[in-house]
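See below for the structure under consideration.
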Amino acid sequence: MEALLKLVFQRPTATETPYLYRLLGAAFLANSVRLDPAAAGALQLALAAYELYVDSNILLPLVIREHQRHHEVRTIVDESRRAGSRLYVIRELFNELLAHRTVAEGIAKDYHEDSSQLREVVDVFGQRANCFIQGFVNECERATRSTADGGPHKMTTWRQYMSRYTATALETLLRDRGVSIVDAEEPTDSDYRGVLDEMTLAWQR
């Protein structure tokens, strides 16, 4: 909230500002409506009509439990489901998630699946580093801290780590979180087709 207000006041002519005003207004209105039992019921019915289509920015931290934003994103998804919204991911976007996994395998192979070398990759690229690589490094760091504190040694190898995230396991993780995988033809919004075409070109590049 502080970051949003700072942006609104410091950059009042930015193209994002009108959208942020609407976002802040909607948040205020939603909280106000919740105080009125009758209005809250109407809001619940309205939210239940929403179909939310998530992309890789949500999928990656949602399925990778070692991701630093995992708990934050999982909470948002769980609260959306409790509100009655239905959550979907288009098959092509799920395939993009699998592509991130494939890229991670290639990076790990280049660095001999060595955790210290992969740590250097994350140090160099920061949040732009592959999310599976980040998750593995975070896992190793937690194991190291646990051992240093006298806890049980739980160091995980790259193979063990990635065995949690097979294609089948990822589908199961999404299903457990209430996210359904659908074909591109199922959404009624024809704009999705153009989005998928742009994604395909980007991955080819």
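For clarity, every value in this text was computed on a predicted model and none was experimentally measured.
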Worksheet item: Residues two or more places apart in sequence or in another chain: which of them pass side chain to side chain donor-acceptor pair (under 3.5 Å) with Q68?
Response: Q127

Worksheet item: Is a donor on one side and an acceptor on the other found under 3.5 Å between the side chain of R101 and the backbone of M162?
Response: yes

Worksheet item: Hey, are the side chains of I133 and W158 touching, using non-hydrogen atoms and a 4.5 Å cut-off?
Response: yes

Discussion item. Quick check: closest heavy atoms across R74 and L62, and the distance to 0.1 Å?
Written reply: CA-CD1, 3.9 Å

Practice prompt. Check whether any side-chain N or O of T166 sits under 3.5 Å from a backbone N or O of A169 as a donor-acceptor pair, and report yes or no.
Written response: yes

Fill in: Backbone of C140 reached by a side-chain donor or acceptor of T144 within 3.5 Å
yes

Discussion item. Using a strict threshold of under 4.0 Å (side-chain N to carboxylate O), is an ion pair present between E105 and K109?
Written reply: no

Fill in: Evaluation steps, salt bridge (Lys or Arg N to Asp or Glu O under 4.0 Å), between D78 and R82
CA-CA 6 Å; D78 289 346; R82 281 197 294 271; 5.1 Å; no

Worksheet item: Counting only N and O atoms by type, is there a donor-acceptor contact under 3.5 Å from the side chain of R175 to the main-chain atoms of S180?
Response: no

Fill in: Pairwise side-chain contact, Y53 with L87, heavy-atom cut-off 4.5 Å (strictly under)
no

Practice prompt. Find out whether L5 and L24 are in side-chain contact, i.e. whether some heavy atom of one side chain is under 4.5 Å from a heavy atom of the other.
Written response: yes

Practice prompt. Could you tell me whether a side-chain N or O of N130 sits under 3.5 Å from a main-chain N or O of H100, the two making a donor and an acceptor?
Written response: yes

Discussion item. Once side chain to side chain donor-acceptor pair (under 3.5 Å) is applied, do any residues pair with R128, and if so which ones, sequence neighbours excluded?
Written reply: none

Worksheet entry | Heavy-atom side-chain contact between F132 and V103 under 4.5 Å | no

Practice prompt. With sequence neighbours excluded, tell me which residues meet side chain to side chain donor-acceptor pair (under 3.5 Å) with E66.
Written response: Y161, R164, Y165

Item to complete: Kindly indicate whether the side chain of L174, heavy atoms from C-beta on, has any atom under 4.5 Å from the side chain of F94.
Response: yes

Item to complete: Just jot down the side chain to side chain contact (heavy atoms under 4.5 Å, CB included) partners of E120, sequence neighbours excluded, or say none.
Response: none

Worksheet item: Below 4.5 Å, heavy atoms only, C-beta onward: do S85 and L52 meet side chain to side chain?
Response: yes

Per-pair distances, 0.1 Å, donor-acceptor, side chain in residues 7-19, under 3.5 Å, sequence neighbours excluded:
{"from": "T17", "atom 1": "OG1", "to": "R11", "atom 2": "O", "distance (Å)": "2.7"}
{"from": "T17", "atom 1": "OG1", "to": "A14", "atom 2": "O", "distance (Å)": "3.4"}

Worksheet, complete the sentence: In short, R177 meets R81 closest at the heavy-atom pair O-CD, 2.9 Å

Item to complete: Would you check if V54 and Y88 make a side-chain contact, meaning some heavy-atom pair closer than 4.5 Å?
Response: no

Item to complete: State which residues pass ring-ring contact (aromatic ring centres under 6.0 Å, His included) with H67; sequence neighbours excluded, sorted by chain then number.
Response: none

Worksheet item: Can you get from I107 to L97 by hopping between Ile, Leu, Val, Met, Phe, Trp and Tyr side chains that sit under 4.5 Å apart?
Response: yes

